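What you see is a predicted model, and the numbers here were worked out from it, not measured in a lab.
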Amino acid sequence: MAKFELTIYGKNDEVVKKYETDHVRWRVFLNAIKLREEIKDKSTADQFAAINEFVKSIFDGLTDKELEQADGMDVMNTFKQILSAANGIDSSKNA
């Protein structure tokens with residue numbers, strides 16, 4: 001089982017494809033910190049659009065159409081996991 005997974009479902013909730021990775025590139029963490037600041041005052045629609053692009057940057061080859069067929073909670077959990085890890089990077093300023 002990979003650290004990060006995103007399952008794509010078909011019309012009848014069958015698994016069509018699964019994206020997996022154990023490695024999150026450094027640029028993804030940098031983007032997570034930047035994204036956190038950029039979306040805090042945005043509309044919900046703009047926040048979701050930004051999260052879409054962010055999640056696609058994690059899983060190589062993931063398309064918009066596939067992302068639409070992923071479980072919404074899986075998408076949000078992946079985003080939150082990486083954002084949480086990125087937040088841990090700057091937690092030393094709070095110490």
Pairing of Glu37 and Lys40 as salt bridge, 4.0 angstrom limit: yes
Keeping the roles fixed (side chain from Asp22, backbone from Lys3), state whether a donor-acceptor pair exists under 3.5 Å. yes
Look only at the side chain of Glu5 and the backbone of Tyr19, and say whether a donor-acceptor pair between them is shorter than 3.5 Å. no
What's the spacing between Leu83 CG and Asn31 CG if we round to 0.5 Å? 11.5 Å
I want to check something: taking the side chain as every heavy atom from C-beta on, are Arg27 and Ser57 in contact at a cut-off of under 4.5 Å? yes
Test Phe54 against every option in Phe48, Phe79, Phe59 by the ring-ring contact (aromatic ring centres under 6.0 Å, His included) rule and name the one that passes. Phe79
If we ignore hydrogens and angles and just use 3.5 Å, is the side chain of Ser84 paired with the main-chain N or O of Lys80 as donor and acceptor? no
Scanning both residues in full, the closest heavy-atom pair of Ile33 with Ala86 reads CD1-O, 3.4 Å
Identify whether Val16 and Tyr9 are in the same connected component of the hydrophobic contact network (ILVMFWY, side-chain heavy atoms under 4.5 Å). no
Treating Gln69 as the side-chain partner and Gly10 as the backbone partner, does any N or O pair qualify as donor plus acceptor under 3.5 Å? no
Spatial distance of atom CG (Asp46) from atom CD1 (Ile51) [nearest 0.5 Å]: 11.0 Å
Given 3.5 Å as the limit, does a donor-acceptor pair link the side chain of Asp71 with the main chain of Met73, or not? yes
Starting at CD of Glu53, measure out to CG of Leu67 and round the result to the nearest 0.5 Å. 9.0 Å
Using the side chain to side chain contact (heavy atoms under 4.5 Å, CB included) rule, pick out the option among Asn77, Val75, Ile58 that qualifies with Leu6. Val75
Does Asp60 CG have over 12 foreign heavy atoms under 6.0 Å away? no
Within the side chain of Glu68, is there an N or O that forms a donor-acceptor pair under 3.5 Å with the backbone of Glu66? no
Going from OG1 on Thr7 to CD on Glu14, what distance comes out if it is rounded to the nearest 0.5 angstrom? 12.5 Å
For residues Val15 and Ile8, determine if any side-chain heavy atom of one lies less than 4.5 Å from a side-chain heavy atom of the other. no
Could you state whether Trp26 and Val24 fall into the same hydrophobic cluster, counting links through intermediate Ile, Leu, Val, Met, Phe, Trp or Tyr residues with side-chain heavy atoms under 4.5 angstrom apart? yes
